[in-house]
Amino acid sequence: MRRPAMKWSHVAKHWHAFVPNILTEWPDLDSDEVEATEGELGPFLDHLCEVTGMSREDARDEVSEWLEGTDPADAVMDETRDNERIIASARSMHPGEDAYSDDAEFGDDDSKDGRDDN
């Protein structure tokens with residue numbers, strides 16, 4: 001079963017958080033130009049086409065594939081990849097936040113140690 005693709009509106013709403021991931025996906029893009037598009041798909045596609053030389057249709061297809069993600073859910077959830085996923089999540093974290101910190105303090109668990117005993 002294919003997981004639903006993320007919508008561009010979500011990316012646009014959280015644009016500055018997604019810019020590092022976009023620059024990882026398309027490293028030839030100019031970071032200032034990407035930031036300047038402010039999440040508007042049209043200007044972003046224009047910049048992507050200009051830098052890569054691809055057609056607008058191909059650029060739109062690449063963005064759609066990026067929105068779908070690259071890893072199937074069963075691969076992402078494989079516990080042998082936990083450290084890899086934790087390290088990768090650091091790219092999307094606010095500066096100063098620790099990728100290895102215990103998330104229990106941010107949850108809404110009922111127990112004191114942040115774990116559900118159910």
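Computed from heavy atoms alone, side chains included, the values below leave out hydrogens, waters and symmetry copies. Since this is a predicted model, take the numbers as computed values, not measurements. For this chain, numbers begin at 1 and follow the sequence in order.
Between the CH2 atom in Trp15 and the CH2 atom in Trp8 there is a gap of 4.0 Å [rounded to 0.5 Å]. Here the CH2 atom belonging to Trp66 is positioned 10.0 Å from the OG1 atom belonging to Thr24, to the nearest 0.5 angstrom. With rounding to the nearest 0.5 Å, the separation of CG in Asp58 from CZ in Arg60 is 12.0 Å. For the atom pair Ser55 OG and Asp61 CG, the distance stands at 7.5 Å (nearest 0.5 Å).
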Applying side-chain contact (heavy atoms from CB on, under 4.5 Å) to Glu25 and Glu65, what does each step give before you reach the verdict? CA-CA 11 Å; Glu25 183 70 20; Glu65 288 175 20; over 6 Å; no
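Among Leu29, Thr37, Leu48, Val63, the single residue meeting the side-chain contact (heavy atoms from CB on, under 4.5 Å) criterion with Ile22 is Leu29. When each of Arg56, Glu40, Met54 is paired with Leu45, the side-chain contact (heavy atoms from CB on, under 4.5 Å) condition holds for Arg56 and for no other.
Put simply, the side chain of Asp28 does not reach to within 4.5 Å of the side chain of Thr52, judged on heavy atoms. Side-chain contact between His16 and Glu38 is present, with heavy atoms from C-beta onward closer than 4.5 Å. Side chains of Glu35 and Val19 form a contact here, defined as non-hydrogen atoms less than 4.5 Å apart.
Contact between His47 and Asp30 at its shortest, heavy atoms only, is NE2-N, 3.3 Å.
Side-chain contact annotation: Trp26 with Glu62, donor-acceptor N/O pair under 3.5 Å present.
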